[in-house]
Amino acid sequence: MERPFLFVREGMVIQHIRDIKLMQKRSLEIRQHGKSIGFVPTMGYFHDGHIELMKYVRNRCDLVIVSIFVNAIQFGPNEDFQKYPRDIDRDLKFVKQAGVDIVFNPEHKDMYPDNFQTGVSVGKVTKYLCGASRPGHFNGVTTIVSKLFNIVKPDIAVFGEKDFQQLVTIKQMVTDLNMSVTVIGRPIVRETDGLAMSSRNIYLSVEERKAALGLKKSIELAKRMVSMNENDCKKIIHAVKNELLSKSCIKIDYVQLCDTETLEPVEKIKQKTLLALAVFIGSTRLIDNCILDFGV
Ligand code: PAF
């Protein structure tokens, strides 16, 4: 028997919905009652970065919906889809502290039935950075996010800025396809020692965890160089790479300085320039970034 739906938040009542049609029905009802929906799409295995996103929408919308779906089609053949951490019971406990109303956790077979044939693909902004090293990744992301937007019908959707290119890509998709959702990026949440929070940090051994601090250290180095008026991107990239490579278990995927909107590589630091990093620490791929502000 279907439980009656509560439009007024009642303490800690969280609905866990797996069925796509039911989720669509709920979202329609919420909107028909004039209530706003804030949405946080995730692949689960929550950390405080996710919780910050949930709290952010909690303060702005009537209902908070979080999706948990490890999206197979955004992983490459040799990537970590199989071992990506999954623990729905842990996640359901975690979301209580964030005032979430509905957790939408569909099944792969329902999201991608046998006859599934459609993909959403964004152009230029997906060609650089992770788009270059992970072919097909962003098509997988934009396809699933479009599906989730159609199912959840959010007024606002928030994404972490750690996946800066993902955020830019989704904003581009929403603009190009006239989707009626406002996409908001939120700052990176870091551990106290500076490592950007990520569900993948759990893969790191003790040694690798120490080495991972090289990411933050190299970002700080770049910031220092820019604060001392260095604006030559080649020099900054060289210094950042050297800092990263001082840790023996780090392999660089890319270090790039680029325009914050088009993501095209730049040669001189402008007023705002994105420093984007991707490295392998052992077999774990981590990304990080910051905006460098020249002349500030
Ligand atoms: O950032 C993520 O967790 C995923 O890429 C997203 C946006 C949930 C799509 O699967």
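On a predicted model such as this, the values are computed, not experimentally measured, just so you know. Just so you know, ligand 1 is whichever comes first in the structure, and atom 1 is the first atom listed for that ligand.
Within ligand 1, counting atoms from 1 as listed, the ones closer than 4.0 Å to a heavy atom of Thr42 are 8 (C). Here is the list of ligand 1 atoms found below 4.0 Å of a heavy atom in Ile144: 9 (C), 10 (O). Within ligand 1, counting atoms from 1 as listed, the ones closer than 4.0 Å to a heavy atom of Gln166 are 1 (O), 2 (C), 4 (C), 5 (O), 7 (C).
Residue Asn71 has no N or O atom closer than 3.5 Å to an N or O atom of ligand 1. The shortest N or O to N or O distance between Gln74 and ligand 1 is under 3.5 Å.
Contact annotation for Ile170 and ligand 1: no heavy atom of the residue comes within less than 4.0 Å of the ligand.
Using a distance-only test at 3.5 Å, with no hydrogens or angles considered, no donor-acceptor pair links the side chain of Asp259 to the main chain of Glu264. Between the side chain of Ser218 and the main chain of Leu244, no donor-acceptor pair closer than 3.5 Å is present. Side-chain atoms of Asp80 never come within 3.5 Å of backbone atoms of Lys83 as a donor-acceptor pair (strictly under, hydrogens ignored).
Pairs passing the ring pair (Phe, Tyr, Trp, His ring centres under 6.0 Å) check and including a residue from residues 138-174, sequence neighbours excluded, do not occur.
Residues forming a side-chain contact (heavy atoms from CB on, under 4.5 Å) with Thr42 (at least two apart in sequence, or on another chain): Val40, Phe46, His50, Val66, Ile68.
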